[in-house]
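Worksheet for the structure shown next.
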Amino acid sequence: MKKRKKAAPPWLVCLQGFGAALTLYLTGILLLTAVMMKGLIPEEMGVPCIAGLCVLSGLVGGAVCARRTPWGTLPGAMAAAGLFALLQVVVGLCWTGVDWAGEGSMLLICSLGGGLFAGLLGSRKSRRSRKLLG
């Protein structure tokens, strides 16, 4: 008899999703900085690029957690994206240059939107019944 693998605890799965989101975000920020320093992307495009990076990070973090938690796909995906957004809030509170009425809140919404998108994409597809011809 084969032994079944034990499922990871939900908090560990959420931390794995958070780690994936954070890794993608930090790698993307480093690459974006290098590209901007080379002059390939103008400085005005920095915030929209970071917003897209937040969406991708929330999407990847949510996709890691979507089906692996017992809570369901959407709550699992939003848990990882929520942890990533919480980190952004904590860093933003320590950083004095964050405009919470403008760019700061937009980045949080983008992060949570990526998690929402991952939760909706990770939902189980309904089975279609085959119709017999003839």
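Residue numbers run from 1 in the order of the sequence given.
- Here the OG1 atom belonging to T69 is positioned 10.0 Å from the CG atom belonging to L74, to the nearest 0.5 angstrom.
- When the side chains of ILVMFWY residues are joined at heavy-atom separations under 4.5 Å, either directly or via intervening members, V60 and L31 end up in two distinct hydrophobic clusters.
- One finds the CG atom of L108 at 9.5 Å from the CG atom of L86 (value rounded to the nearest 0.5 Å).
- Annotation: ring pair (Phe, Tyr, Trp, His ring centres under 6.0 Å) contacts of Y25 (sequence neighbours excluded): F84.
- The two atoms that bring L112 and A85 nearest to each other are CD2-CB, 3.9 Å, heavy atoms only.
- Nearest heavy-atom pair across P10 and P70 is CG-CD, 3.6 Å.
- With sequence neighbours left out, S111 forms a side-chain hydrogen bond (donor to acceptor under 3.5 Å, both in side chains) with Q88.
- Separation of atoms CG (L22) and CG (L83) is listed at 11.0 Å; rounding is to 0.5 Å.
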Please report, to 0.1 Å, the donor-acceptor pairs under 3.5 Å made by any side chain of residues 13-20, with sequence neighbours excluded.
{"unit_1": "Q16", "atom_1": "OE1", "unit_2": "R68", "atom_2": "NH1", "d": "3.3"}
{"unit_1": "Q16", "atom_1": "OE1", "unit_2": "R68", "atom_2": "NH2", "d": "2.7"}

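- The shortest distance between side-chain heavy atoms of T73 and L120 does not fall below 4.5 Å.
- L24 and L26 sit in two unconnected hydrophobic clusters of ILVMFWY residues. Membership requires side-chain heavy atoms under 4.5 Å apart, directly or through other members.
- As a member of the Ile/Leu/Val/Met/Phe/Trp/Tyr network built from side-chain separations under 4.5 Å, L30 groups with nothing else and remains a singleton.
- The two residues M106 and A51 have their closest heavy-atom pair at CE-CB, 4.1 Å.
- Taken from CD1 in I109 to CG in L116, the straight-line distance is 12.0 Å, to the nearest 0.5 Å.
- Closest approach of A118 to G62, counting heavy atoms only: CB-C, 3.7 Å.
- Under the side chain to side chain contact (heavy atoms under 4.5 Å, CB included) criterion, T33 pairs with I29, M37, not counting sequence neighbours.
- Put simply, V91 and L53 are part of the same group of oily side chains (I, L, V, M, F, W, Y) that touch within less than 4.5 Å, one to the next.
- Partners of L32 according to the side chain to side chain contact (heavy atoms under 4.5 Å, CB included) rule, which considers only residues two or more places apart in sequence or in another chain, are M36, I41, C49, I50.
- Of all heavy-atom pairs between A81 and G58, the closest is CB-O, 4.4 Å.
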